[in-house]
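Reviewing the structure listed below.
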Amino acid sequence: MNRTVEVDLAKRSYRVEVQPGLLESVGRFVQSLPEVSSVAVVADSRVAELYGLSLQDALAQVDAPASMIPFPAGEENKTLSTCQGLFDKLFALRPPVDRSSLIVTLGGGVTGDIGGFLAATALRGIRFLQCPTTLLAAVDASTGGKTGVDHEAGKNLIGAFHQPVGVLIDPRCLRTLCPEELRSGLAECVKHAVIRSQDLLRFLEDRKADLLACNEEAMTELIAANVAIKAGVVAADETEQSLRAILNYGHTFGHAIEAEVGFGNMTHGQAVALGMVGANRVATDRGMLSSSTADRVESVLAGLGLATRTEAPDPDVIWDRMLHDKKTRKGRVKLVLPRGIGDVAICDDLTRSEVRAALEYLSGE
Ligand SMILES: NC(=O)c1ccc[n+]([C@@H]2O[C@H](COP(=O)([O-])OP(=O)(O)OC[C@H]3O[C@@H](n4cnc5c(N)ncnc54)[C@H](O)[C@@H]3O)[C@@H](O)[C@H]2O)c1
Ligand SMILES: [Zn+2]
């Protein structure tokens with residue numbers, strides 16, 4: 001089975017293909033691109049070990065030399081200094097990298113963001129192809145063209161919009177993911193469902209056992225449905241002037257909680273799951289969202305193995321983090337609030353007392 005989603009961005013349009021076993025066909029795709037002089041595969045150490053050889057085999061049929069440039073796995077390595085090391089390796093390749101070279105990213109969102117940033121900036125921009133290997137990267141990070149790295153002052157503060165030439169997703173790669181990483185991606189799927197699609201929410205309810213077991217057919221459907229939602233939003237608002245902000249549902253609380261517990265102590269998706277519960281609480285307190293719909297979203301999250309309660313983070317610290325979020329303007333904290341499944345509003349008048357009430361709810365008080 002295979003699914004294709006078009007990302008409609010005029011001259012920058014591309015396709016996202018989802019198919020079990022697709023990793024073997026990466027060579028065919030690269031061969032179909034105009035004039036590829038050389039290929040550099042950016043992969044983190046763990047993914048390079050798991051799938052590097054298969055990808056290199058697939059690239060053997062390409063009429064251009066291919067090299068691996070690995071970097072150490074982990075969000076803590078999503079930095080300019082890792083990029084520096086990768087640039088050193090990239091510019092040492094023979095034949096030298098040129099404007100017709102292609103970067104292939106093989107890995108999770110960290111790899112896609114770093115490899116995409118390398119492609120956006122090397123020689124003022126070369127092409128790149130995304131081969132995501134985590135569910136989070138498959139359903140979210142690999143489509144949309146946001147690339148970049150973290151800075152001590154915050155996540156994703158350095159970066160560029162740079163669209164890939166394609167995204168090839170092989171759901172078989174997800175079988176080696178640890179359960180926490182799988183659930184992390186499922187949280188972003190719940191996000192897409194709440195902001196855009198009743199059908200997707202129902203799919204997550206009906207097929208949760210298959211999804212948690214990484215059933216190929218269910219995963220292929222899930223990934224394609226999510227990519228279609230993300231592609232639709234990105235096509236309408238590529239650089240986040242308006243609509244694209246709805247993708248931040250769950251992320252205002254989520255980022256603050258993630259930073260508070262310390263990156264690496266909680267997956268991003270788990271923090272977003274808690275963030276969605278927090279945002280829903282604000283929405284029910286405002287009378288925008290029915291309690292039964294909020295309860296339904298919590299049940300879906302719990303059914304997928306995500307926690308919906310957490311030890312009480314200090315509301316003042318969380319509020320402070322929200323005020324300093326890069327998306328906060330003039331002290332007005334933005335929050336995406338659902339009115340129902342598939343219907344959200346963007347508000348910029350969140351108050352400290354609403355945050356306090358939501359956190360009390362999250363801590364089970
Ligand atoms: N660009 C965007 O639009 C966008 C959107 C969402 C998230 N992101 C970024 O994505 C990052 C998070 O992505 P992530 O959760 O994929 O993290 P990640 O890339 O760090 O991957 C998580 C872990 O899984 C391992 N891994 C990857 N694929 C595997 C596989 N198939 N089998 C076994 N292990 C595997 C990795 O080595 C890593 O240790 C964050 O930095 C976030 O900012 C970007
Ligand atoms: Zn996210």
Side-chain angles (χ1 to χ4, degrees), residues 7 23 42-52 54-55 70-79 82 105-117 120 128 130-151 154-164 167 169-192 195 214 219 226-227 230-231 233-234 238-240 244 246-255 257-259 263-264 266-276 326 336:
V7 187
L23 200 59
V42 175
D44 77 29
S45 42
R46 176 156 171 70
V47 177
E49 203 174 293
L50 285 167
Y51 299 106
S54 312
L55 182 60
F71 68 94
E75 179 74 36
E76 67 278 16
N77 296 310
K78 201 175 111 175
T79 60
T82 300
T105 64
L106 176 71
V110 166
T111 304
D113 282 8
I114 290 184
F117 184 64
F128 83 116
Q130 295 264 38
C131 300
T133 63
T134 64
L135 183 59
L136 186 138
V139 298
D140 191 349
S142 56
T143 298
K146 279 190 181 178
T147 75
V149 294
D150 303 333
H151 185 271
K155 265 188 70 152
N156 299 323
L157 291 184
I158 302 161
F161 283 99
H162 188 56
Q163 299 292 345
V167 182
I169 305 174
D170 182 348
R172 268 180 209 157
C173 294
L174 305 182
R175 290 192 297 213
T176 48
L177 267 187
C178 66
E180 289 76 31
E181 296 296 347
L182 188 71
R183 292 197 291 261
S184 182
L186 289 168
E188 300 283 6
C189 300
V190 176
K191 173 191 83 175
H192 284 145
I195 62 173
C214 250
M219 270 301 168
N226 278 278
V227 171
K230 174 120 191 219
V233 173
V234 168
E238 185 179 3
T239 54
E240 198 169 324
R244 190 165 178 167
I246 68 173
L247 296 171
N248 296 323
Y249 168 54
H251 283 63
T252 308
F253 275 100
H255 279 150
I257 293 170
E258 195 177 5
F263 293 103
M266 186 185 277
T267 62
H268 172 71
Q270 176 55 78
V272 171
L274 293 164
M276 290 189 277
K326 68 172 187 255
V336 180

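Note that ligands are numbered from 1 as they come in the structure, with each ligand's atoms numbered from 1 the same way. Computed from heavy atoms alone, side chains included, the values below leave out hydrogens, waters and symmetry copies.
- Short contacts between ligand 1 and Ala141, defined as distances under 4.0 Å to a heavy atom of the residue, involve ligand atoms 1 (N), 2 (C), 3 (O), 4 (C), 5 (C), 6 (C), 7 (C), 8 (N), 44 (C).
- The distance from ligand 1 to the heavy atoms of Leu50 drops below 4.0 Å at these ligand atoms: 32 (N), 33 (C).
- If you number the atoms of ligand 1 from 1 as listed, the ones under 4.0 Å from a heavy atom of Gly108 come out as 16 (O), 19 (O).
- Residue contact check: Glu75 has heavy atoms under 4.0 Å from atoms 11 (C), 40 (C), 41 (O) of ligand 1.
- Here the protein contributes Glu188 OE2, His251 NE2, His268 NE2 as N, O or S atoms under 2.8 Å from the Zn ion (ligand 2).
- In this structure the side chain of Tyr51 never reaches within 4.5 angstrom of the side chain of Asp170, judged on heavy atoms.
- Residue Thr134 places at least one N or O, backbone or side chain, under 3.5 Å from an N or O of ligand 1.
- The aromatic rings of His268 and His255 are tilted relative to each other, their planes meeting at an angle between 30° and 60°.
- The contact set between ligand 1 and Tyr51, taken as ligand atoms under 4.0 Å from a residue heavy atom, comprises 31 (N).
- Nearest to atom 33 (C) of ligand 1 by heavy-atom distance, out of Thr176, Leu247, Val47, is Thr176.
- Side chains of Phe71 and Val42 form a contact here, defined as non-hydrogen atoms less than 4.5 Å apart.
- When His255, Glu258, Glu76, Lys155 are checked for heavy-atom proximity to atom 42 (C) of ligand 1, Lys155 turns out nearest.
- Note that CG of Leu50 and CG of Leu55 are 13.0 Å apart. Values are rounded to the nearest 0.5 Å.
- In this view, Thr267 satisfies the side chain to side chain donor-acceptor pair (under 3.5 Å) rule with no residue, not counting sequence neighbours.
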Inset, instruction - Check step by step if side chain to side chain contact (heavy atoms under 4.5 Å, CB included) holds for Val336 and Thr252. - result: CA-CA 8 Å; Val336 180; Thr252 308; over 6 Å; no

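- For atom 28 (N) of ligand 1, the nearest protein heavy atom (residue, atom name, distance) is Thr133 OG1, 2.7 Å.
- Geometrically, ligand 1 and Asp44 share a nitrogen or oxygen pair separated by less than 3.5 Å.
- For atom 35 (C) of ligand 1, the nearest non-hydrogen atom of the protein is Leu177 CD2, 3.7 Å.
- For ligand 1, the atoms sitting less than 4.0 Å from at least one non-hydrogen atom of Lys230 are 3 (O), numbered in the order shown with element in parentheses.
- Looking at ligand 1, you won't find any N or O of Asp140 less than 3.5 Å from one of its N or O atoms.
- Taking all heavy atoms of Glu180, Lys78, Arg46 into account, the minimum distance to atom 43 (O) of ligand 1 is reached by Lys78.
- At a 4.0 Å heavy-atom cut-off, ligand 1 touches Asp113 through the side chain alone.
- Between Glu49 and Arg46 there is no salt bridge, since none of the side-chain N atoms of the basic residue sits less than 4.0 Å from a carboxylate O of the acidic one.
- Looking from atom 12 (C) of ligand 1 to the surrounding protein, the closest heavy atom is Leu136 CD2, 3.9 Å.
- Here the straight-line distance linking atom CZ of Arg172 with atom CE of Met219 works out to 14.0 Å at 0.5 Å rounding.
- Residue contacts with ligand 1 include Cys173, since one or more of its heavy atoms lies under 4.0 Å from the ligand.
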Inset, instruction - Go through the steps for His251 and Glu258 under the test side chain to side chain contact (heavy atoms under 4.5 Å, CB included), then give the verdict. - result: CA-CA 9 Å; His251 283 63; Glu258 195 177 5; over 6 Å; no

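- The stretch residues 132-143 participates, sequence neighbours left out, in these salt bridge (charged side-chain N to carboxylate O under 4.0 Å, His left out) pairs: Asp140-Lys191, Asp140-Lys230.
- Distance CD1/Ile246 to CD/Glu240: 10.5 Å, rounded to 0.5 Å.
- Ligand 1 is approached by Asn156 to a heavy-atom distance shorter than 4.0 Å.
- Between Val149 and the options Leu157, Asn77, Ile158, Thr82, a side-chain contact (heavy atoms from CB on, under 4.5 Å) holds for only Ile158.
- Residues satisfying the side chain to side chain contact (heavy atoms under 4.5 Å, CB included) test with Asp113, not counting sequence neighbours, are Lys78, Asn156.
- Looking only at side-chain heavy atoms (C-beta outward), Thr143 and Asn226 stay at 4.5 Å or farther from each other.
- Contacts with ligand 1 closer than 4.0 Å are made by side-chain heavy atoms of Glu181 only, the backbone lying farther away.
- The option from Gly109, Ala73, Gly185 that lies nearest to atom 13 (O) of ligand 1, judged by heavy atoms, is Gly109.
- Nearest protein heavy-atom contact of atom 20 (O) of ligand 1 is Val110 CG2, 3.3 Å.
- Put simply, the side chain of Glu181 does not reach to within 4.5 Å of the side chain of Leu135, judged on heavy atoms.
- Taking the side chain as every heavy atom from C-beta outward, Thr111 and Val47 never approach each other to under 4.5 Å.
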